[in-house]
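Inspection log for the structure reproduced underneath, given as structure tokens.
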Amino acid sequence: MPHSKPLWSGRFKEPLSEIALKFSSSIDFDKQLYQEDIAGSIAHVEMLAAVKIITAEEGRRIRKALKEITREIEGGHLDLSWEKEDIHLAIERRLTQKIGPVGGKLHTGRSRNDQIALDERLYLRTAIHELQKLIVQLQRVLLYHAEKYFRVIVPGYTHLQRAQPVYLSHHFLAYVSMLERDFERLSDCRKRANKLPLGAAALAGTSFPIDRAMVAKKLGFDGIVENSMDAVSDRDYLIEFIAACSTIMIHLSRFAEELVLWSSQEFSFATIDDAYTTGSSIMPQKKNPDMAELVRGKTGRVFGSLTAILTIMKALPLAYNRDMQEDKIPFFDAVTTTRECLFIFSHILVHTHFNKDRFEEELKYDFLTATDVAEYLVQKGIPFREAHSITGKIVAYAADQKKSMSQLTLKDLKHYSKEFSDDVFDLLDPHTSVERKKSAGSTSPNEVKKQIVHWTRALKNKKLQ
Ligand code: ARG
């Protein structure tokens with residue numbers, strides 16, 4: 001396929017082979033950056049005119065043409081096929097086609113190396129904003145459920161073995177807290193990423209009297225990346241970001257796993273509406289929690305992106321290396337996957353019902369309150385370790401007899417410790433168990449209510465980045 005001469009081809013006697021061009025072309029994926037690329041170019045060209053590296057008239061013509069190019073791209077009128085190499089060259093070539101040699105002045109004092117770093121940092125800011133918005137949306141759905149199911153008690157698990165009764169609200173609010181840290185991680189990442197790399201040029205800076213601070217201000221950055229070699233060669237902002245996405249995905253995946261378990265017939269704790277489940281092509285009775293499973297599965301994809309970016313960057317000598325072109329694939333995929341998963345998760349949750357009666361049923365028949373019995377003995381003066389052992393023996397005895405603790409008699413209990421009296425039976429009720437909790441952050445009704453009040457306020461006018 002014939003292609004026009006690359007813009008960088010001055011020193012070459014031979015054209016780039018078609019095979020090599022096809023192999024190295026990145027436009028298929030970096031065309032997503034067209035808005036950022038043009039925004040960066042406009043700020044750059046305004047600065048070039050302001051410091052008189054180009055004339056005001058030249059600046060005006062370039063800006064106007066760049067805006068037209070945006071419309072051409074959005075209307076699908078600009079050829080962005082692989083022969084164009086990358087989005088930067090495609091736009092610059094079109095600019096020169098439109099306004100002639102003056103278009104060639106746009107690239108004064110910059111290189112594609114600082115240009116791509118700029119585009120990525122701009123894209124990152126938008127991605128962080130979108131993800132934070134979706135995190136808050138999910139937190140709000142969780143808070144809604146925490147209020148709706150207030151005082152519903154569920155078995156709390158450790159090792160997926162029944163442990164102690166907790167409020168279902170407490171369970172939901174645990175995820176609200178996790179998501180809050182995810183939100184903060186994104187804010188932290190933004191803080192470090194929000195510096196302008198443009199003006200570093202290829203790696204050494206430029207002899208043109210450019211004003212980097214002016215460009216930084218125009219584009220909403222909190223300053224410039226100080227060292228020009230650092231500016232073009234690091235991708236730590238992507239590593240941090242994809243790591244933050246991975247943590248979001250871990251949280252979603254754990255919750256997804258719980259929904260899969262809870263909606264199984266064995267648990268029957270949750271029912272996901274038909275609209276968010278799928279059937280089987282062979283087994284007519286099936287109703288599968290595919291959306292939750294896909295969130296769990298896509299988590300692996302985001303971890304893959306993290307591994308990819310880490311491996312791409314490892315051992316690269318300073319400054320720019322073409323390897324870094326590969327960074328956009330894991331970056332974009334992490335953004336899209338995390339965004340889609342956060343989005344669907346809010347919807348899945350809105351369409352999930354938690355089966356109060358099933359919880360109640362389960363709570364009747366087990367040893368969830370054994371810890372309360374041990375604490376009871378401690379209050380009677382028995383050291384905790386001993387109380388633990390006595391209670392353990394009672395549990396073993398009851399299990400042998402195929403009875404729950406509340407089906408034992410006082411006589412049975414007294415056989416293990418003379419400290420037992422009738423009031424111990426109150427403790428066997430899971431409601432009493434949660435109500436007796438006193439520690440800050442516990443599942444007591446007061447503490448759970450405090451969390452609800454806190455999050456209602458905190459999520460009301462949450463400031464996004
Ligand atoms: N497409 C390139 C990338 O994404 C842009 C920078 C190219 N720079 C270069 N010196 N070839 O990394």
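Just so you know, ligand 1 is whichever comes first in the structure, and atom 1 is the first atom listed for that ligand.
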Please evaluate residues Leu134 and Arg339 with respect to the criterion side-chain contact (heavy atoms from CB on, under 4.5 Å), reporting the C-alpha separation (whole Å), side-chain torsions for both, the decisive distance (0.1 Å), and the verdict. CA-CA 7 Å; Leu134 291 166; Arg339 193 175 54 209; 3.4 Å; yes
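No side-chain N or O of Asn355 forms a donor-acceptor pair with one of Ser268 less than 3.5 Å apart.
The aromatic ring centroids of Phe345 and Phe255 lie less than 6.0 Å from each other. Between Tyr123 and Phe331, the distance separating the two ring centers is shorter than 6.0 angstrom.
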What are the distances between nitrogen or oxygen atoms of ligand 1 and protein nitrogen or oxygen atoms, counting only those under 3.5 Å?
| from | atom 1 | to | atom 2 | distance (Å) |
| --- | --- | --- | --- | --- |
| ligand 1 | 1 (N) | Ser26 | OG | 3.4 |
| ligand 1 | 1 (N) | Asp86 | OD2 | 3.1 |
| ligand 1 | 1 (N) | Gln325 | OE1 | 2.9 |
| ligand 1 | 4 (O) | Lys328 | NZ | 2.7 |
| ligand 1 | 8 (N) | Asn113 | OD1 | 2.9 |
| ligand 1 | 10 (N) | Asn113 | OD1 | 3.1 |
| ligand 1 | 12 (O) | Tyr320 | OH | 2.4 |

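A search for side chain to side chain contact (heavy atoms under 4.5 Å, CB included) contacts involving Lys450 returns Glu447, not counting sequence neighbours.
Arg185 has no carboxylate O lying under 4.0 Å from a charged side-chain N of Asp188, or vice versa, which leaves the two without a salt bridge.
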